[in-house]
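Okay, so here's the structure we're looking at.
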Amino acid sequence: MFSFQGTISALTENGPLADLISMGGPVMVVLIAIAFIGAATFLYLMLYGALYTPRLNKSLQRLIAQWQQSPSDTPVQAARSNAGLFGRTNPLMHLLVGTMSACQSGNNLAAVRETAVRDAQNALEPFEAPLKIIEVIAALAPLLGLLGTVMGMMEAFSAMAATEGRANASQLSGGIYEALATTAAGLVVAIPFAALAAWIEFRLRRIHKTINSALVSVFNVIPAEEVTTAPEPANAEPKTTEAPFKEQAHASTDFDSNPRLAHAAG
């Protein structure tokens with residue numbers, strides 16, 4: 001009968017893991033452990049991202065186009081109710097629908113913008129911790145390999161000292177082999193995870209730009225009843241409402257106030 005514990009013991013006692021551990025010693029055990037942790041973290045990130053990544057799909061593009069033509073008559077809540085199961089897991093859909101509904105309800109625009117920025121940051125936060133774990137593994141693996149190198153060289157010189165400098169090649173080869181094996185293993189672990197961290201950061205920058213452009217498109221056009229004009233002097237120059245709202249939208253949807261998001265999402 002198939003036994004999971006039997007498979008693990010076979011791998012660790014006389015399988016490939018046992019060979020790796022015998023090659024690198026205790027440092028190799030740590031490198032194997034963090035490699036498994038990094039692989040599990042990346043798998044979780046891919047599964048979570050497939051469901052909950054903010055996406056500007058065609059239905060949201062049509063909703064934004066309707067909003068830009070007539071914000072007061074845009075069926076905002078219908079977009080939420082008509083969204084399928086996959087669409088309801090899209091944080092950008094909830095963000096846009098909530099922002100448009102607040103604008104149509106006549107809420108304070110400054111408060112609506114602050115809420116939109118907060119919700120956009122919350123949409124990116126679930127990707128922050130996995131990215132940090134992968135970055136730490138990419139930075140830690142070469143250091144662990146260097147530690148194994150030092151430990152292996154210490155073992156080699158210890159064997160030389162025990163024989164009062166008359167150690168032969170076979171006595172020194174064990175420590176030197178362990179030193180080289182851990183160095184190679186550290187680089188093998190670090191290189192792919194460094195590439196994955198860079199790719200994830202690039203994806204987060206794309207998501208950040210998508211959210212920012214979508215919010216700017218919403219705040220550039222607001223319902224007519226939201227625009228209130230005060231009496232102006234006769235000699236005052238005519239003012240337009242589109243440009244200030246465009247500038248405010250850019251300012252309010254800037255995520256650079258969060259240092260970690262500025263690093264992770266551009």
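Side-chain atoms are counted along with the backbone in the values below, which use heavy atoms only and exclude waters and symmetry mates.
Apart from Leu47 itself, the hydrophobic cluster it occupies contains Leu43, where clustering links Ile, Leu, Val, Met, Phe, Trp and Tyr at side-chain heavy-atom distances under 4.5 Å. Val150 belongs to a hydrophobic cluster whose remaining members, ordered by chain and number, are Met154; membership requires side-chain heavy atoms of ILVMFWY residues under 4.5 Å apart, directly or through intermediates.
Cys103 and Val112 get closest at one heavy-atom pair: SG-CG1, 4.1 Å. Residues Ala197 and Leu131 come closest through the heavy atom pair O-CD1, 3.7 Å. Closest of all the heavy-atom pairs between Val218 and Thr99 is CG1-CG2, 4.0 Å. Contact between Ile64 and Leu96 at its shortest, heavy atoms only, is CD1-CD1, 3.9 Å. Counting all heavy atoms, side chain and backbone alike, Leu63 lies closest to Pro75 at CD1-O, 4.3 Å. Contact detail for Gly148 and Thr182: the closest heavy-atom pair is C-OG1, 3.1 Å.
Leu95 places a side-chain heavy atom less than 4.5 Å from the side chain of Ile211. Residues Ile34 and Leu144 are in side-chain contact: their nearest non-hydrogen atoms beyond the backbone lie under 4.5 Å apart. Here the side chains of Phe42 and Pro130 are not in contact, with every heavy-atom distance at 4.5 Å or above. Using a 4.5 Å heavy-atom threshold, the side chains of Asn212 and Lys209 count as separate. Pro26 has its side chain within reach of Met151: a pair of non-hydrogen atoms, C-beta onward, lies under 4.5 Å apart.
Atom CD in Gln77 sits 11.5 Å away from atom CE in Met100 (nearest 0.5 Å). We find the CD-CG distance between Glu135 and Leu196 to be 11.5 Å, quoted to the nearest 0.5 Å. Thr115 contributes atom OG1, which lies 10.5 Å from atom CG of Asn122 (distance to the nearest 0.5 angstrom). Atom CZ of Arg203 sits about 10.5 Å away from atom CG of Leu45, to the nearest 0.5 Å. Rounding to the nearest 0.5 Å places CG of Asp119 at 11.0 Å from CG of Leu92. Here the straight-line distance linking atom CG of Leu31 with atom CE of Met28 works out to 6.5 Å at 0.5 Å rounding.
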Would you please test Glu201 and Arg205 for salt bridge (charged side-chain N to carboxylate O under 4.0 Å, His left out) and show each step? CA-CA 6 Å; Glu201 276 198 47; Arg205 287 197 188 100; 3.7 Å; yes

Exercise. side-chain hydrogen bond (donor to acceptor under 3.5 Å, both in side chains) between Arg88 and His94: does it pass, once the steps are laid out?
Worked result: CA-CA 8 Å; Arg88 292 176 183 175; His94 297 285; over 6 Å; no

Requested in this report: Just do the ring-ring contact (aromatic ring centres under 6.0 Å, His included) check on Phe127 and Tyr52 with the steps written out, would you?
Outcome: CA-CA 10 Å; Phe127 302 95; Tyr52 298 104; 9.0 Å; no

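Distance alone, capped at 3.5 Å, is enough to place a donor-acceptor pair between the Asn90 side chain and the Arg55 backbone. At least one donor-acceptor pair closer than 3.5 Å links the side chain of Ser213 to the backbone N or O of Thr210. Remark: the backbone N or O of Ala78 is paired with a side-chain donor or acceptor of Asn82 at under 3.5 angstrom. Between the side chain of Thr74 and the backbone N or O of Gln66, at least one donor-acceptor pair lies under 3.5 Å.
Taken together through direct or relayed side-chain contacts under 4.5 Å among Ile, Leu, Val, Met, Phe, Trp and Tyr, Ile134 and Tyr44 form part of one hydrophobic cluster. Using a 4.5 Å cut-off between side-chain heavy atoms of Ile, Leu, Val, Met, Phe, Trp and Tyr, with links allowed through other members, Trp199 and Ile133 fall into the same hydrophobic cluster. Ile32 and Val136 are members of different hydrophobic clusters when ILVMFWY side chains are connected at heavy-atom separations under 4.5 Å. Under the 4.5 Å side-chain heavy-atom criterion for grouping Ile, Leu, Val, Met, Phe, Trp and Tyr, Ile191 is not connected to Val27 through any hydrophobic cluster. Leu146 and Leu187 fall into different hydrophobic clusters, where Ile, Leu, Val, Met, Phe, Trp and Tyr side chains are chained together by heavy-atom contacts under 4.5 Å.
Under the side chain to side chain donor-acceptor pair (under 3.5 Å) criterion, Asp73 pairs with Ser70, sequence neighbours left out.
In the model, Gln104 has no side-chain atom that pairs as donor or acceptor with a side-chain atom of Ser72 under 3.5 Å.
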